[in-house]
Number of protein chains: 2
Amino acid sequence: MFSKACEYGIKAMIYIAQQEVGQRVGLKQIAQVTESPEAFTAKTLQILARNGVLVSFKGPTGGFSLSKDSSKINLAQIVKAIDGEEIFTGCGLGLEKCDASRPCPVHFKFASVRDGLSLMLHSTSLKELADGLDAGTVFLTQ
Amino acid sequence: MFSKACEYGIKAMIYIAQQEVGQRVGLKQIAQVTESPEAFTAKTLQILARNGVLVSFKGPTGGFSLSKDSSKINLAQIVKAIDGEEIFTGCGLGLEKCDASRPCPVHFKFASVRDGLSLMLHSTSLKELADGLDAGTVFLTQ
DNA sequence: GGTTTAAAAGACAATTTGGTCCTTATTAAA
DNA sequence: TTTAATAAGGACCAAATTGTCTTTTAAACC
């Protein structure tokens with residue numbers, strides 16, 4: 001469904017969202033807590049920073065923090081930044097141009113599933129996910 | 001969402017389902033109509049044949065035909081044969097063991113989307129997709 | 001200013017996926 | 001029984017994704 005980069009990115013973002021506002025978290029710590037490969041996660045965080053959902057700081061006391069309140073960042077922004085639009089708009093059978101005016105055989109059935117996914121991603125904020133972690137009802141690793 | 005192999009496989013199956021019952025369709029024709037790479041499609045059809053949703057015949061007048069009535073074959077069988085269980089059961093964040101008893105942060109939201117996809121795939125038969133093609137309301141290529 | 005710390009950037013390696021080509025096996029038909 | 005047609009199988013190649021390592025850049029602190 002999502003790329004590995006995206007999975008790591010989402011987990012990293014949720015972990016960062018768990019910190020106090022403005023608090024910086026280092027790459028090493030993020031990779032450790034999320035059980036993700038450090039160097040690869042670094043690349044992913046760069047992408048997220050370039051896309052403006054994350055801000056990064058170099059040097060001692062450096063690290064990453066959210067660019068805005070965790071309630072203002074949703075999963076769709078993260079997925080879009082890392083994996084692109086494909087999953088939100090792509091055709092189920094890979095056709096370049098597939099829409100209601102010239103649909104592939106699965107277009108309408110697929111579109112409704114895809115729209116459900118899109119709605120879920122857009123309506124899920126980092127805040128609520130981080131809150132679940134705080135409450136101990138959900139987990140970032142097994 | 002689906003692998004390329006799976007996209008080609010679904011298109012091929014729909015096209016085969018369009019033929020008269022028992023009629024054999026050759027690889028070359030399938031690849032041409034579905035605009036899929038011939039040799040790669042051959043591999044995919046082999047997989048589908050091994051999984052019993054397709055039967056193949058060698059020699060002159062050889063080709064492929066459905067193993068049973070098109071109304072009895074659904075998209076889930078095809079996707080499962082080619083891409084495996086992952087898309088039906090996998091965790092959104094890639095956790096090996098993620099379930100209701102130890103859920104990842106997106107588990108419940110993701111599961112409901114995934115279940116929607118699963119339901120759609122299970123309830124969509126090749127027959128209805130082929131019927132759409134016959135009716136000219138949907139298309140296998142752009 | 002020099003030193004240390006941490007992210008950015010780029011080169012590179014490994015793996016997976018997508019794709020081709022060539023040979024072999026099987027079967028229908030001449 | 002030979003020939004031609006067609007799928008199966010295996011070797012191989014290409015591209016994308018995943019992952020590592022090394023160097024550079026920026027910032028804090030002495």
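A, B, ... follow the sequence lines: proteins, then strands. Residue 1 opens every chain.
For dG18(C), neither phosphate oxygen OP1 nor OP2 lies less than 4.0 angstrom from any side-chain nitrogen or oxygen of Tyr8(B). The phosphate of dA8(D) has OP1 or OP2 within less than 4.0 Å of a side-chain N or O from Ser56(B). Between Arg24(B) and dA5(D), a side-chain N or O to OP1/OP2 separation shorter than 4.0 Å is absent. For Gln46(A) and dA9(C), the shortest distance from a side-chain N or O to OP1 or OP2 is below 4.0 Å.
Taking the six-membered ring where tryptophan is involved, the planes of Tyr8(A) and Phe40(A) are perpendicular, since the angle between them exceeds 60° and thus also 30°.
Looking only at side-chain heavy atoms (C-beta outward), Val138(A) and Cys104(B) stay at 4.5 Å or farther from each other.
Remark: P of dA8(D) and NZ of Lys43(B) are 10 Å apart, rounded to the nearest angstrom. A straight line from CE of Met1(A) to P of dT17(D) spans 17 Å, rounded to a whole angstrom. Nucleotide dA13(C) holds its P atom 18 Å from the CZ atom of Phe40(A), rounded to whole Å. Between the CD atom of Glu86(B) and the P atom of dT17(C) there is a distance of 10 Å, rounded to whole Å.
For Phe64(A), the listed nucleotide lying nearest its side chain is dA7(C); candidates were dA7(C), dT6(D), dT20(D). Counting only heavy atoms from C-beta on, Lys4(B) has its side chain closest to dG19(C) among dG19(C), dT25(D), dG10(D). The side chain of Ala39(B) has dT20(C) as its nearest neighbour among dA27(D), dT20(C), dT6(D). Of the candidates dG19(C), dT4(C), dT18(D), the closest approach to any side-chain atom of Ser3(A) belongs to dT18(D). Taking every side-chain heavy atom of Ala49(B) into account, dA8(D) is the closest of dT20(D), dA8(D), dA28(D). Among dA8(D), dG19(C), dT5(C), the nucleotide with an atom closest to any side-chain atom of Lys58(B) is dA8(D).
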> When you look at Ser125(A) and Asn74(A), which way does the side-chain hydrogen bond (donor to acceptor under 3.5 Å, both in side chains) test go after all the steps?
Replying inline: CA-CA 4 Å; Ser125(A) 72; Asn74(A) 60 48; over 6 Å; no
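A donor-acceptor pair under 3.5 Å is absent between the side-chain atoms of Arg24(B) and the main chain of Phe57(B), judged by distance alone.
Residue Glu38(B) qualifies as enclosed at atom CD: its count of foreign heavy atoms under 6.0 Å is above 12.
Comparing Ala42(B) and Pro60(B) by the nucleotide of DNA chain D whose heavy atom lies nearest to each, the residue mapping closer to the 5' end is Pro60(B).
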